[in-house]
Visitor: 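Below are the structure tokens for one structure; questions will follow.
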Amino acid sequence: MSTRHAAKVRGGVAAVAAAVLAITVAGCGTGGDDKPKAAQDASSAKSQGDASKSQAPSGTPKPTPTEVLATVNGEAGMTLTINRAARDAGGFLTVEGQLKNTGTAPYVNTAPWRGNELNASGVSVAGVTLVDKAGKKRYYVLRDTDGRCLCTTGLAIIEAGQSVPFFAQFPAPPTSATEVEMSLPTFATATVKISG
């Protein structure tokens, strides 16, 4: 191939590359959207924030409710605050709240909270129970098909000052039951009003 012919080919390749680049840049425009870029970025950030709220993983807590149904103390400065005890569709009762280490040292004695649970749920609050005194019945945390509790898991250490979400799901007591006594090992018993 002559030097002159090679220069023509290179020039043609450069022209094609420039045309492709121009088309690509034109395709990356705003697509007819008249919003300024700052408004588009804000809108995108808001929609991503909304998506992250609605698609939170199961272990992630919802925004902290302000209503306090009960607060009980455990050992070494641990407190358990119950913010919600509500009947759900399908005959379940879901209890939610927070565990907080108000002490000055990390809390490491979480193993008793799992009750008689062996390995299916790991370190969890599977040992929590509800008692319907009027109906004279005790309720245990529900399990999934693999034997894992429908409750908070992964509680190996709670650092000083740290709050972690608490949640446990039970079979719902009869609708005539308006309150239950909730017990979690190492904590005092809490009387909790049921909503719904």
Side-chain angles (χ1 to χ4, degrees), residues 53-117 120-144 147-196:
K53 286 180 190 171
S54 63
Q55 297 175 356
S58 61
T60 303
K62 295 177 184 173
T64 305
T66 55
E67 185 177 11
V68 174
L69 302 178
T71 300
V72 290
N73 294 321
E75 62 185 17
M78 288 300 302
T79 61
L80 170 60
T81 302
I82 303 301
N83 302 109
R84 179 178 177 265
R87 297 176 193 279
D88 298 328
F92 306 117
L93 177 71
T94 301
V95 179
E96 295 175 298
Q98 292 182 62
L99 288 158
K100 183 170 184 178
N101 181 354
T102 63
T104 58
Y107 186 80
V108 296
N109 191 30
T110 60
W113 298 349
R114 67 181 170 200
N116 294 328
E117 190 79 14
S121 299
V123 183
S124 66
V125 295
V128 66
T129 60
L130 298 181
V131 174
D132 172 11
K133 288 182 81 172
K136 299 181 179 177
K137 190 167 182 181
R138 181 181 304 270
Y139 296 89
Y140 295 91
V141 174
L142 291 169
R143 304 290 198 267
D144 67 14
R148 293 183 298 252
C149 73
L150 299 182
C151 67
T152 302
T153 60
L155 298 173
I157 296 173
I158 302 177
E159 298 292 339
Q162 183 182 9
S163 290
V164 294
F166 171 92
F167 123 88
Q169 196 167 50
F170 302 87
T175 53
S176 59
T178 58
E179 65 180 28
V180 288
E181 288 189 350
M182 191 183 87
S183 296
L184 178 63
T186 75
F187 285 85
T189 299
T191 301
V192 179
K193 286 192 178 293
I194 299 172
S195 62

Visitor: How close do Arg143 and Ala126 get, heavy atom to heavy atom, and via which atoms?
Guide: NH2-CB, 4.1 Å
Visitor: Can you tell me how far the CD1 atom of Ile82 sits from the NZ atom of Lys193, to the nearest 0.5 Å?
Guide: 15.0 Å
Visitor: Please list, chain by chain and in numerical order, all residues satisfying side-chain hydrogen bond (donor to acceptor under 3.5 Å, both in side chains) with Thr79, sequence neighbours excluded.
Guide: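 Applying side-chain hydrogen bond (donor to acceptor under 3.5 Å, both in side chains) to Thr79 gives none.
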Visitor: As an exercise, state the distance from OG1 of Thr191 to NZ of Lys133, rounded to the nearest 0.5 Å.
Guide: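 With rounding to 0.5 Å, OG1 (Thr191) is 7.5 Å from NZ (Lys133).
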Visitor: So which pairs with a foot in residues 162-196 pass disulfide (SG to SG under 2.5 Å), sequence neighbours left out?
Guide: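 Listed once each, the pairs would be none.
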Visitor: Enumerate the residue pairs fulfilling ring-ring contact (aromatic ring centres under 6.0 Å, His included) with a member in residues 177-196, sequence neighbours excluded, ordered by first and then second residue.
Guide: Trp113-Phe187
Visitor: With sequence neighbours left out, what residues match Pro185 under side-chain contact (heavy atoms from CB on, under 4.5 Å)?
Guide: Pro112
Visitor: Below 3.5 Å, can you tabulate the donor-acceptor pairs from side chains in residues 156-183 to any protein atom, sequence neighbours excluded?
Guide:
residue	atom	partner	partner atom	Å
Gln162	OE1	Glu159	N	2.8
Gln169	NE2	Thr94	OG1	3.0
Ser183	OG	Thr189	OG1	3.2

Visitor: For Tyr139, what residues pass the side-chain hydrogen bond (donor to acceptor under 3.5 Å, both in side chains) criterion, not counting sequence neighbours?
Guide: none
Visitor: With a 4.5 Å limit on heavy-atom distance, are the side chains of Asn83 and Glu67 in contact?
Guide: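 Asn83 does not reach Glu67 side chain to side chain.
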Visitor: To the nearest 0.5 Å, what is the distance between CD1 on Ile194 and CG on Asp132?
Guide: 7.5 Å
Visitor: Testing the basics here: between Val192 and Ala70, what is the closest heavy-atom pair and its distance to 0.1 Å?
Guide: CG2-CB, 4.4 Å
Visitor: Can you tell if the side chain of Val125 reaches within under 4.5 Å of the side chain of Leu99, non-hydrogen atoms only?
Guide: yes
Visitor: So, for Leu93 and Arg87, which heavy atoms are closest and what is the spacing to 0.1 Å?
Guide: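 Looks like CD1-N, 3.8 Å.
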Visitor: Among residues at least two apart in sequence or on other chains, which ones pass side-chain contact (heavy atoms from CB on, under 4.5 Å) with Ala76?
Guide: Tyr107
Visitor: For Thr102, enumerate each residue passing the side-chain hydrogen bond (donor to acceptor under 3.5 Å, both in side chains) test, keeping only those at least two apart in sequence or located in another chain.
Guide: none
Visitor: Test of understanding: with side-chain hydrogen bond (donor to acceptor under 3.5 Å, both in side chains), list the residues that count as partners of Asn109, not counting sequence neighbours.
Guide: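 Asn109 satisfies side-chain hydrogen bond (donor to acceptor under 3.5 Å, both in side chains) with Glu75 only.
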